[in-house]
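Below is one structure, written out as structure tokens; comments come after it.
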Amino acid sequence: MADPNQQLPPGWTAEWEPDNQRYLFVEAATGRAQWEHPGTGAVPEQAAPPTTVPPTQPTQSTKRRQYAAGQTQAYYGGAETVAAPAFGGVGAQPPALSGAQLFTPGLAAENQFSQQQQQQQQPQATAPSYYGQQQGEPEYINAPGYGQPPVAGYAAAGGVGQLADQFGQMGINGQKPFQLQTVNLLTSPPDPRELEVPPPQIRLPPGACLANTPLANAHYSYQRSTVNAIPNSGSIVGKSKIPLGLIITPYRSVKEGEEAVPVVTDTIIARCRRCRTYINPYVQFIDGGNRWRCCMCGMSNEVPQLFDWDQARNQPGDRWARAELNHAVVEFVAPTEYMVRPPQPAVYIFLIDVSHSAVQSGMVATATRTILENLDRLPNEDQRTKVAIIAYDTSIYFFSMSPESTDCTMLVMSDVDDVFLPKPNDLLVNLSECRASMESLLGRLNDMFAENHTVGSALGPALQSGFKLINPIGGKLIVLSSSLPSVGAGALKNREDPKILGTPKESGLLQTASPFYKTFAIECSRAQVSVDMFLFSAAYQDVATLACLPHYTSGQTYFYPAFNAARSEDAVKFAHEFGEVLAMPIMLEAVMRVRATRGIRMSSFHGNFFVRSTDLLAMPAVPQDTSYAIELQIEETISSPFVVFQTAILHTTCYGERRIRVITTAYPVTSNLSEVFASADQVAIATLLANKAVERTITHKLEDARDAVQSKLVEILQAYKTSMTAAGAGASAQLAVSENLKMLPVLVLGLLKNVGIRQSAQIPPDLRAYAQALLTSLPSQVLVPYIHPTFYSLHNMPPEAGTVGEHGVILPPPLPLTSERLERHGLFLIEDGQTLFLWVGRDAVPQLVIDVFDLPNYETLRGGKTREMRRGVYHPHLYIVKEDGEPPLRLIVQDVLPSYQQFIGQLKDKVRTCSGGSRNSMLD
């Protein structure tokens with residue numbers, strides 16, 4: 001393309017945008033900028049400037065076999081590429097703007113866009129982090145606090161002057177604000193790689209933090225807010241329409257190569273006398289360092305006498321080396337005043353269904369073998385772990401074990417209407433002392449019931465028996481059930497009715513059918529007992545009712561519909577997931593409370609727990625990588641320059657030590673609506689909406705939940721259009737939103753299509769209830785692919801794909817999730833963390849089929865469930881889907897209407913319709 005400066009009207013200049021690979025046209029007099037050529041009104045095609053040569057895609061290695069010649073069509077048509085480009089690289093679709101100029105009021109200053117360009121080109125420094133921080137993730141740069149010595153690298157980096165320059169770019173207290181960039185959703189195709197981008201940077205004011213370290217603010221995988229600049233009043237929240245909330249994963253797993261959470265072992269715990277906040281990097285030391293001012297309520301507190309004493313060395317210590325002043329995530333070893341009893345041991349009671357269907361499906365054999373193989377993985381470092389096994393069909397079978405013998409005695413209770421314990425001891429035994437008898441029982445249990453022809457389930461009485469056994473101590477009841485409870489307390493009826501699926505009455509199937517289970521769950525919570533449910537029925541099992549037990553006791557639900565151990569894929573999936581649950585470290589007898597700066601209140605809570613008081617969450621057992629959502633409400637105007645949220649969870653480790661885990665995050669405060677939009681975290685918003693939608697399906701109807709989610713998205717887009725664009729409340733040909741919210745419509749559409757709330761008359765209620773259990777417990781990093789599956793093209797991967805890089809196996813670039821990308825000669829992978837689909841085109845060349853499946857050609861390939869791959873605790877099934885194969889499998893892979901383009905069109909119409917008046921979402 002010729003130099004556009006030679007073709008411009010007077011007063012205009014063209015600046016090359018390397019990130020978008022095209023020219024930006026700037027009017028010198030006003031600083032206004034646009035993509036369209038001011039003379040022709042057209043948006044020029046991407047091209048390199050005459051004086052530069054843009055980088056190119058790496059050529060395909062000759063070592064990788066090529067299965068298809070030619071090029072693949074880009075998502076929005078027109079441009080063609082051999083393979084999807086690297087994020088932000090050559091060939092990436094830029095946010096092309098057409099029609100009216102989009103701008104942000106108050107930010108359209110002279111040379112604004114050129115300043116943005118220069119800022120984007122500045123390299124960002126990275127800091128090491130045991131919280132998994134990687135390049136490009138937010139860094140929290142703060143000046144040293146009172147008496148804090150310079151940290152390593154501080155002087156070398158320019159000391160105070162260098163930090164002042166950094167603070168000058170942080171946009172707080174009159175300094176450079178957030179850079180709000182507007183995109184038009186109608187012309188900006190979604191790039192799934194943007195879902196992997198960290199949330200907007202947290203920009204704290206200078207002097208907010210005592211520690212000059214990025215570890216002083218919790219990584220977003222522990223705690224994240226829906227906005228990273230907190231509005232100073234409820235009116236700002238109302239104007240933005242963005243729901244205000246926190247997503248918390250307090251027991252996030254630590255990956256290989258990451259350091260563990262630091263532990264303060266001296267039992268010196270400094271807390272505010274008024275609000276009970278734990279001392280953290282955002283307090284202020286006053287009175288010569290003898291007192292500290294709380295960052296939540298402003299109370300002045302005395303520094304504990306031994307706070308500056310190193311008890312390990314019995315000498316004065318360095319205050320500034322204390323973990324709680326340098327790390328946002330820290331654990332304290334609790335002193336005796338934090339205990340109402342000695343720390344409990346880990347206790348596991350297995351309730352195993354041994355009815356005819358359970359034995360015949362192979363569940364009993366697989367479960368007992370998995371327990372036996374994982375006895376060494378059960379948390380038992382202190383040798384105090386206790387175990388018991390109770391079997392049940394329409395009767396209850398107890399097993400008495402003794403340390404002196406390898407044999408066990410079975411005690412049968414046929415009358416399940418009045419449950420009692422047949423023996424006062426030897427039913428719940430120490431694992432280390434009775435290891436031999438436990439192994440013997442597990443090896444023989446399946447054979448003992450191999451000829452059992454009893455049909456029916458006394459699950460309720462079995463739960464009551466396990467509770468009587470575990471009640472004095474607390475621990476976990478692990479339930480394995482293969483049929484609908486039919487005998488005794490908690491008996492259920494088959495209420496599945498295909499006629500009401502897809503109708504307003506369907507929501508009734510997602511509600512608890514019997515009050516027994518909620519009442520029993522609350523009793524368990526009070527006794528520090530958690531329940532995990534493993535469900536296997538081939539027929540209706542009422543997952544919605546049974547999942548009530550894990551919901552109120554902070555447990556988990558796992559569902560294996562039509563389980564059959566004769567299929568190796570079923571047996572391996574269950575054995576893997578069950579083994580991972582047994583080996584997982586857990587927090588026992590835990591309570592959690594979230595505190596916030598004065599003026600902010602926790603208004604509602606979502607997740608697996610029981611709210612014991614106004615804001616105290618009871619969690620008998622906290623599994624790893626489980627998420628909780630909390631809605632926030634601003635009750636009074638916030639005058640402080642930043643706010644602090646602190647999550648404290650008092651618990652007993654599964655190794656017998658009482659601890660308090662404290663997670664602290666600080667956010668700047670703003671009165672600027674544009675900063676609220678620019679700091680919004682689209683993944684956190686989607687996570688909160690998923691929790692609220694599931695709750696609404698139970699209290700109202702499925703249709704109400706879908707409408708509420710879509711209405712909330714429309715409100716956000718309408719608020720942005722009204723306050724942040726030139727069109728205001730008038731008509732516009734654009735559908736504008738900030739760059740950092742560009743993928744929110746994609747996530748909302750994925751949520752609307754998820755099995756948990758999708759409009760369909762073909763989804764069994766058990767599958768829907770299980771999907772809803774996942775929507776309310778998965779952490780954000782796992783929830784995103786669950787509602788918006790990842791889509792890969794495997795037949796034309798770049799040469800580095802499949803090799804091991806710095807962060808594990810290198811995957812091919814993800815594609816937009818649309819069936820338009822499927823090619824007849826191709827091989828594609830779709831995964832959501834629970835299931836994997838391998839789609840094979842009918843024109844796939846024989847060599848591709850040979851290399852991947854070791855079969856001669858496409859015709860010999862069989863579709864269906866074949867094998868598995870690992871990802872976290874869950875062990876996804878892998879399905880092979882042939883283009884002309886079984887209709888049910890092909891329908892799963894095909895688009896569920898509406899498509900993204902149709903959905904965006906619907907949003908535009910709704911935004912235009914509600915431009916004349918305000919509307920309130922049912923999710924407010």
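When reading the values below, keep in mind they use all heavy atoms of this one structure, side chains included, and skip hydrogens, waters and symmetry mates.
A donor-acceptor pair is defined here as one N or O able to donate and one able to accept, closer than 3.5 Å; no such pair exists between the side chain of N754 and the backbone of I787. Of the possible donor and acceptor atoms, one in the side chain of S603 sits under 3.5 Å from a partner among the backbone N and O of E631. A side-chain donor-acceptor contact under 3.5 Å links E577 to the backbone of H875. The backbone N or O of P379 lies less than 3.5 Å from a partner atom in the side chain of T385, making a donor-acceptor pair. Looking at T553, its side chain does come within 3.5 Å of a backbone N or O of V531 through a donor-acceptor pair. For the pair S481 (side chain) and S483 (backbone), a donor-acceptor distance under 3.5 Å is present. N608 places a side-chain N or O within donor-acceptor distance of the main-chain N or O of G555, the cut-off being under 3.5 Å. The main-chain N or O of S780 is never found under 3.5 Å from a side-chain atom of T687 such that the two would form a donor-acceptor pair. Panel note: side chain S554, backbone F609; no donor-acceptor pair is recorded below 3.5 Å.
Inspection of the D625 and S253 side chains reveals an N or O donor paired with an N or O acceptor under 3.5 Å. With hydrogens and angles left out, the side-chain atoms of T652 and Q344 include no donor and acceptor closer than 3.5 Å. No hydrogens or angles considered: nothing links the side chains of S355 and S457 as a donor-acceptor pair under 3.5 Å.
Residue pairs meeting the salt bridge (charged side-chain N to carboxylate O under 4.0 Å, His left out) criterion with at least one member in residues 497-507, sequence neighbours excluded, are E506-R768. Among residues at least two apart or in separate chains, salt bridge (charged side-chain N to carboxylate O under 4.0 Å, His left out) pairs with a member in residues 524-549 are K476-D532, R495-D542.
Ring geometry for F574 against F578 counts as parallel: the plane angle stays under 30°, on a 0 to 90° scale with 60° as the upper cut. By the 30° and 60° cut-offs, the orientation of the rings of F534 relative to F536 is parallel.
Ion pair E569/K573 not flagged as a salt bridge, since none of the NZ, NE, NH1 or NH2 atoms sits closer than 4.0 Å to an Asp/Glu carboxylate oxygen.
Residues meeting the salt bridge (charged side-chain N to carboxylate O under 4.0 Å, His left out) test with R593, sequence neighbours left out: D615.
A 4.5 Å side-chain heavy-atom check between H651 and Y251 finds every atom pair outside the cut-off. Between Y517 and Y552 the shortest side-chain heavy-atom distance does not fall below 4.5 Å. The shortest side-chain heavy-atom distance between L195 and L747 falls under the 4.5 Å cut-off.
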